[in-house]
Structures are given as C-alpha cells and as structure tokens.
Amino acid sequence: MLRSWTDGAVEAFYQLLKARRMCRAYQDRPVSTEMITKVLEAARRSPSAGHAQGWRIGVVTDSARRLAVAHRLGENEYMEKGFEPWLSVAPVHLFVGTEPGAYLKRYGEPDKTSDPATWPLDYAVLDAGKALMTLYLAAQAEGLACGYLGPHRAQPAIELVPWPSTWRFLGLVTMGYPDWERQRASRSHARGWRHFDSVVRWWDEAR
C-alpha cells in the first residue's frame with residue numbers, strides 16, 4: 001500500500017473496483033478534451049513487457065464520424081431488437097489496438113535476449129488488456145463509464161478512420177457520462193460473480 005494513501009482512499013479504491021460497470025447508455029453531454037486526456041494518460045502508464053508500451057489508441061469525438069461508425073456497425077439493427085442507441089450517442093469513441101513491432105524492436109535491443117516469436121503468450125494483447133482496465137477505472141473515477149465492442153463485430157469501423165497498417169485492432173471502446181436509468185439490464189451481468197473458491201485455489205500446504 002502506498003504510504004501516502006489514507007484508509008479512506010484505500011476503501012474508496014476498492015469501492016471503485018466494485019462499482020465499475022460496462023455502459024451502453026450515455027447522457028447527451030460532451031466529454032472535454034482535458035478529461036479524455038487525463039483518462040488516457042492514466043492508461044498510458046500501465047505496465048508492459050519490457051516496458052515496450054505497445055498499446056495504441058485512436059480518439060474520435062466528431063459527431064458525424066461517430067454516427068458513421070454506428071451505421072457501419074449496424075446500430076439500426078441493434079435498435080430493432082429493442083435496445084437504445086449506443087454507438088451514435090457515446091460522445092467518445094476509442095479505437096484500441098497494439099503495435100506488435102514495438103515488442104520486436106524492444107526485444108531486439110542489447111539488454112534483451114528473448115524472442116517474441118517464441119513467447120507462449122501474446123504479451124502485446126495482454127498489455128493492452130492491462131491498459132484498458134486502467135482506462136476503465138480512471139474513467140469511473142472521473143464519473144465516466146465505458147463500453148466495449150470486440151473486433152469480431154467492430155472491425156469494419158477501422159475503414160472509417162486513418163488506422164495505421166502496423167497496428168492490430170483490438171476493439172472499440174465507448175466513453176461518456178453514463179445514463180444508468182436508460183441502460184437495459186444485461187443478461188450477462190445478471191449471471192453475477194463466480195464464487196471466490198471457484199476462481200482462487202490455495203496451494204499452500206498449511207491450508
């Protein structure tokens with residue numbers, strides 16, 4: 001625990017973790033550039049293999065482009081199923097990806113001997129997941145909320161932005177001030193959390 005943290009700050013942090021939810025309903029309220037930058041700055045400082053920092057994020061706040069993204073990704077069909085508009089209403093679209101070349105470059109430097117091609121895990125994707133979690137929590141701390149649409153659905157949207165060919169697309173994150181009253185209950189969320197003992201195994205002999 002950081003020595004500068006008070007007991008109240010520590011408790012507030014744990015409450016933040018418990019309160020975080022994915023959001024698909026937003027208030028008609030813009031998010032300032034300063035606020036977006038603050039949240040992304042927090043994500044930028046996430047840990048990464050070799051400190052390669054391979055995650056990349058493209059930001060879209062322009063209403064016309066957000067509407068085009070919503071149309072390309074089938075928001076009309078989504079609404080026909082009884083859902084509220086999501087992508088077109090979200091004031092911020094974050095196109096999240098990784099740049100695999102950042103790891104090849106970093107692990108080609110003299111202080112590294114590992115070859116990313118031999119890794120049993122794609123650390124670029126793992127590190128981007130860490131950055132996303134930091135982003136979600138930073139947004140939550142600022143009174144914002146985030147939603148996520150994976151690349152299996154969101155891939156066509158990169159045709160609408162200047163997506164670099166060296167980046168690997170990992171999904172579209174929406175961000176804004178949540179409107180929880182309009183948020184439709186998620187069947188997935190209703191499943192609740194797994195029991196602690198089904199997730200965590202103690203392997204100490206003394207237990």
Side-chain angles (χ1 to χ4, degrees), residues 1-5 13 16-17 20 22-23 31-62 64-66 68-70 72-73 87 90-142 144-176 199-200:
M1 181 181 73
L2 295 176
R3 293 182 179 179
S4 60
W5 280 32
F13 173 70
L16 180 72
L17 293 175
R20 189 210 57 78
M22 301 305 277
C23 180
V31 181
S32 69
T33 298
E34 292 75 17
M35 183 68 74
I36 297 171
T37 301
K38 187 176 182 180
V39 170
L40 294 178
E41 175 64 16
R44 185 178 71 86
R45 293 181 173 273
S46 299
S48 60
H51 206 45
Q53 307 168 67
W55 52 84
R56 302 289 183 264
I57 301 175
V59 183
V60 171
T61 60
D62 175 74
R65 181 166 281 178
R66 289 187 288 110
V69 168
R72 178 67 62 89
L73 298 184
L87 300 176
V92 182
H93 287 183
L94 303 174
F95 288 74
V96 180
T98 65
E99 187 162 17
Y103 292 82
L104 295 174
K105 180 179 179 180
R106 175 68 185 96
Y107 281 83
E109 294 175 0
D111 64 319
K112 293 294 183 184
T113 58
S114 179
D115 179 2
T118 67
W119 291 347
L121 177 70
D122 189 338
Y123 284 100
V125 175
L126 177 66
D127 292 344
K130 298 172 189 175
L132 273 183
M133 195 70 242
T134 304
L135 188 154
Y136 293 159
L137 293 175
Q140 182 82 17
E142 297 295 340
L144 302 169
C146 296
Y148 173 76
L149 188 64
H152 66 292
R153 292 284 304 279
Q155 186 78 27
I158 66 173
E159 299 170 3
L160 303 175
V161 296
W163 185 261
S165 61
T166 57
W167 293 10
R168 177 184 177 188
F169 183 56
L170 297 183
L172 176 66
V173 172
T174 56
M175 185 170 71
V199 177
V200 178

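We're numbering straight along the sequence, starting at 1. All figures in this text were calculated on a predicted structure; none of them were measured in a lab.
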Apply side chain to side chain contact (heavy atoms under 4.5 Å, CB included) to Arg65 and Val161, showing your working. CA-CA 9 Å; Arg65 181 166 281 178; Val161 296; 4.0 Å; yes
Asp127/Thr98 under side chain to side chain contact (heavy atoms under 4.5 Å, CB included): CA gap, chis, key distance, verdict: CA-CA 9 Å; Asp127 292 344; Thr98 65; over 6 Å; no
Worked check of side chain to side chain contact (heavy atoms under 4.5 Å, CB included) between Val60 and Val69: CA-CA 10 Å; Val60 171; Val69 168; 5.8 Å; no
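Between Leu160 atom CG and Arg72 atom CZ the span is 4.5 Å, to the nearest 0.5 Å. For the atom pair CG of Leu170 and CD of Gln155, the computed distance is 9.5 Å after rounding to the nearest 0.5 Å. Rounding to the nearest 0.5 Å places CD of Glu142 at 12.0 Å from CD of Glu34.
Using a distance-only test at 3.5 Å, with no hydrogens or angles considered, a donor-acceptor pair links the side chain of Arg66 to the main chain of Thr61. Without hydrogens or angle criteria, Tyr107 side chain to Gly50 main chain gives a donor-acceptor distance under 3.5 Å. A distance-only check finds a donor-acceptor pair linking the side chain of His93 to the backbone of Leu87 [under 3.5 Å]. Side-chain atoms of Arg168 never come within 3.5 Å of backbone atoms of Pro100 as a donor-acceptor pair (strictly under, hydrogens ignored).
Ring geometry, Tyr103 versus Trp119: the interplanar angle exceeds 60°, so the pair is classed perpendicular (tilted spans 30 to 60°).
Minimum heavy-atom separation, Tyr148 to Leu132: CE1-CD1, 4.5 Å. Heavy-atom minimum distance, Gly58 versus Trp167: N-CZ3, 4.4 Å. Considering all non-hydrogen atoms of both residues, Ala154 and Leu149 come closest at CB-O, 3.7 Å. Minimum interatomic distance between Ala131 and Ala43 (heavy atoms only, all atoms of both residues): O-CB, 3.6 Å. Heavy atoms only, all atoms of each residue included: Ala90 and Thr174 are closest at CB-CB, 3.6 Å. Nearest heavy-atom pair, Cys146 versus Leu135, reported as atom, atom and distance to 0.1 Å: SG-CD2, 3.6 Å.
Few gaps surround NZ on Lys130; more than 12 heavy atoms of other groups in view lie less than 6.0 Å from it. Taking a 6.0 Å sphere around NZ of Lys105, one finds it holds 12 or fewer heavy atoms contributed by other residues, nucleotides or ligands.
A donor-acceptor contact closer than 3.5 angstrom is absent between the side chains of Ser48 and Gln53.
Contact annotation: the side chain of Met133 approaches that of Arg20 to within less than 4.5 Å [non-hydrogen atoms, C-beta and beyond].
Exactly one residue among Val92, Val96, Ile57 makes a side-chain contact (heavy atoms from CB on, under 4.5 Å) with Val173. That residue is Val96.
Using a cut-off of 4.0 Å between Lys/Arg side-chain N and Asp/Glu carboxylate O, Glu41 and Arg44 are scored as salt-bridged.
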